[in-house]
Amino acid sequence: MLHSVRNDDFIYVTFHVTKFGQFIRGSTMFDIKAIRDNPAEFDAAMKRRKLEAQSPKILELDEERRSVQTELQVIQAERNEKSKEIGTIKKSGGDAQGAMDAVSALKDKMATLEEKDKEIGEQLKTLLSSLPNIMKDDVPDGADEEDNVEIKKWGEPKNPNGANKAPEHYEIGEALGMMDFETAAKLSGSRFVLLSGPLARLERALAQFMLDTQTEKNGYIECSPPLLVNTDVMYGTGQLPKFQDDQFETTDGRWLVPTAEVVLTNIVREEVVEAETLPCRYTAFTPCFRKEAGSAGKDTRGMLRQHQFYKVEMVAVTKPEDSDAEHERMLKCAEGILEALEIPYRTVVLCSGDTGFGARKTYDIEAWMPGQNAYREISSCSTCGDFQARRMNARFKAKGDKNTQFVHTLNGSGLAVGRCLIAVMENYYDPTDGGVFVPEVLKPYMGGLEKIVKG
RNA sequence: GGACAGAUGGCAGAGCGGUUGAAUGCACCGGUCUUGAAAACCGGCAUGGGUGCGAGCCCAUCCAGGGUUCGAAUCCCUGUCUGUCCGCCA
């Protein structure tokens, strides 16, 4: 349920998350003026998202609301004027009863209009907050992941076509005695894993290496953020209200972050930052929590798809004109990790049917996984334009400039640690003894260990 | 968890029922002065929305929500956050 609590176009909304009585505040996701000026363009953008034309309903509500507001404002102006008169009369000791009665008489009408305005605002907000971002023109059309377009391939995949298929990561890990799904299931249920010994350390080494690279080499600021966030924040990056079912919610109305993107991006929420401080680049190594509600039966074996996994995330906040270049830069920062680890990968541009709700354009990096004989997603780098910024009311201002503008936000995995662990295990597997070589760049993080072997 | 005290423009900080959208200072912008700069002086400077070709006019906003009132930044209730003290605890 959505309740608008202001009667202006910059709708502040309280979004009742039922039992907790929590609120979400944020502006509309789209420039309603732009929709008003060019509804056809907006409808075309939604059509690419496989949605029917949205502008007729939006504009109908918008028009209705504005007419109610105009009517209301006339009465409010009258009230304000009369009340001032009463003040003057009373000051000079006169009798203001007549004027007071007149203002009282306006009250019913005002209450009715206010109620109506609120109701229409709710409807409009409900509608708008569930519409996806407008994609960039250069996003290829397509139905699903089959239509994503490969733009880069790096490295030589081992055993392509499965000539002698390598074991899958869970076979390797279980054989080593360092990857235990049964115990994890006992502790937590399905889609959890217990790593131990050098394999647990390898995961930590990967994270350390990624974090050091993103901070020291690529200039991201390391953050150690809260992992439990409020409803406003989840709304800001677009997880709510539409994807509530994918999220873990606490009993006191907070949410476990599904990705550090949520916290890092919201650092600038409700801020007006100075233009000179942009771009802001943040990175964090955090656990991520996801219900994986819609993926029953998918990737059930192994640790590819878990309710909890580690990820090093990159977030950038830029001026509008810089976001495209920043997107390319971020992609390179992610790809650089796989190159340093010498793991073959390919990069694809997601097609219109596969691009996420909040993204204007997304690159996926897929690492080669010999055990599956396939490239699998290991990073996703998206540019969101001002979509999240509008939801968060995150703006910037140039020095000397009177007006504020919405910032642009970008996010990318740099990389998903759990999946990267899988890639390392399968790519560095030694069939002669079932061990896993430690990649060169990780050795310093492994205390100089060369190879993980059973024992 | 208990007891107080707060929350006002980019920041600091007055106001505590009636032309207060809000004093003042800092910051910022324009100008005067100066060889240039600083200082000094003069002027400007909140946000969102509606309406108009436009100068403008109108509405809303002083943490959020609700209430009292002809009228609320100011009074009352609830929530959130911050500070201080006490208790508890990794």
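Here is how names work: the chains are called A, B, and so on, in the same order as the sequence lines, proteins then strands, and each is numbered from 1.
- We find that CG of Asp101(A) is positioned 14 Å from C1' of G71(B), with the value rounded to whole Å.
- Here the separation of A37(B) from U32(B), taken at their P atoms, is 11 Å to the nearest Å.
- Arg65(A) has no side-chain polar atom (N or O) that falls below the 4.0 Å cut-off from OP1 or OP2 of G50(B).
- Residue contacts for Ala77(A): at a heavy-atom cut-off of 4.0 Å it reaches the sugar-phosphate backbone alone, with no base atom in range.
- When the C1' atom is used for both C45(B) and G9(B), the distance is 11 Å, rounded to whole Å.
- Between the P atom of G71(B) and the CD1 atom of Ile75(A) lies a distance of 14 Å, rounded to the nearest Å.
- The side chain of Arg36(A) places an N or O atom within less than 4.0 Å of a non-bridging phosphate oxygen (OP1 or OP2) of G50(B).
- Proximity note for Thr404(A) (side chain, C-beta onward) versus G48(B), C70(B), G50(B): the nearest is G48(B).
- The nucleotide G6(B) finds its pairing partner in C81(B), both defining distances of the Watson-Crick or G-U wobble pair being shorter than 3.5 Å.
- As a whole-Å value, the separation of Leu113(A) CG from C58(B) P is 20 Å.
- Taking the six-membered ring for Trp and the full ring otherwise, the centers of Phe357(A) and Phe387(A) sit less than 6.0 Å from each other.
- Using a 4.0 Å cut-off between a side-chain N of Lys or Arg and a carboxylate O of Asp or Glu, Lys291(A) and Asp245(A) do not qualify as a salt bridge.
- Separating the P atom of G87(B) from that of G25(B) is a span of 46 Å, rounded to the nearest Å.
- The side chain of Lys107(A) places an N or O atom within less than 4.0 Å of a non-bridging phosphate oxygen (OP1 or OP2) of G71(B).
- When each of Asn133(A), Asp138(A), Thr355(A) is paired with Lys361(A), the side-chain hydrogen bond (donor to acceptor under 3.5 Å, both in side chains) condition holds for Asp138(A) and for no other.
- Rounded to a whole Å, the CD1 atom of Ile86(A) is 14 Å from the P atom of U19(B).
- With sequence neighbours excluded, no residue forms a side-chain hydrogen bond (donor to acceptor under 3.5 Å, both in side chains) with Arg79(A).
- Closest to the side chain of Arg66(A), out of G18(B), G48(B), G50(B), is G50(B).
- Taking atom C1' on both A27(B) and G67(B), the two are 39 Å apart, rounded to the nearest angstrom.
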Tell me which donor-acceptor pairs under 3.5 Å the side chains of residues 280-290 of chain A have, and how far apart each pair is, sequence neighbours excluded?
unit_1, atom_1, unit_2, atom_2, d
Arg281(A), NE, Glu326(A), OE2, 2.7
Arg281(A), NH2, Glu326(A), OE1, 2.9
Thr283(A), OG1, Glu313(A), O, 2.8
Arg290(A), NE, Pro258(A), O, 2.8
Arg290(A), NH2, Pro258(A), O, 3.1

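- If you take NZ of Lys84(A) and P of C59(B), they are 7 Å apart, rounded to a whole angstrom.
- With both ends at atom P, the span from G65(B) to C26(B) equals 34 Å, rounded to whole Å.
- Nucleotide C57(B) forms a pair with G50(B), judged by Watson-Crick or G-U wobble geometry with both contacts under 3.5 Å.
- Across the P atoms, A38(B) and U34(B) are found 15 Å apart, a figure rounded to whole Å.
- Pairing for G17(B) is absent, judged as Watson-Crick or G-U wobble with the two contacts each under 3.5 Å.
- A sub-4.0 Å separation between OP1 or OP2 of G18(B) and a side-chain N or O of Lys82(A) is absent.
- Across all strands shown, C28(B) pairs with G44(B); the Watson-Crick or G-U wobble distances both stay below 3.5 Å.
- For the pair Glu270(A) CD and G48(B) P, the computed distance is 15 Å after rounding to whole Å.
- Remark: G87(B) base-pairs with no nucleotide in the shown strands. Criterion, Watson-Crick or G-U wobble with two distances under 3.5 Å.
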Apply the test side chain to side chain donor-acceptor pair (under 3.5 Å) to residues Ser382(A) and Asn411(A): give CA-CA distance (whole Å), side-chain angles for both, the deciding distance (0.1 Å), then the verdict. CA-CA 5 Å; Ser382(A) 298; Asn411(A) 62 81; 4.6 Å; no
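- If you check every strand for non-hydrogen atoms under 4.0 Å, Asn80(A) touches sugar and phosphate atoms only.
- Taking side-chain N and O atoms only, Arg79(A) has a distance below 4.0 Å to OP1 or OP2 of A60(B).
- Using a 4.5 Å heavy-atom threshold, the side chains of Arg390(A) and Asp31(A) count as touching.
- Of the candidate nucleotides G50(B), G66(B), C70(B), G50(B) has the atom nearest to the side chain of Gln73(A).
- Taking atom CD on Gln405(A) and atom P on G10(B), their separation rounds to 17 Å, with Å as the unit.
- Taking atom P in both C63(B) and U69(B), one finds a spacing of 23 Å when rounded to whole Å.
- Comparing atom distances between the Arg395(A) side chain and each of U47(B), G49(B), G18(B) picks out U47(B) as nearest.
- Distances were taken from every side-chain heavy atom of Gln76(A) (C-beta onward) to each of A60(B), G18(B), G49(B); the shortest belongs to A60(B).
- Rounded to whole Å, the P atom of C53(B) lies 28 Å from the corresponding atom of U61(B).
- Ranked by how close their nearest RNA chain B nucleotide is to the 5' end, Met100(A) and Glu81(A) are led by Glu81(A).
- Gln388(A) and Glu261(A) form a side-chain donor-acceptor contact under 3.5 Å, judged by distance and modelled atom types alone.
- In this structure, the CZ atom of Arg269(A) is 14 Å from the C1' atom of C81(B), given to the nearest Å.
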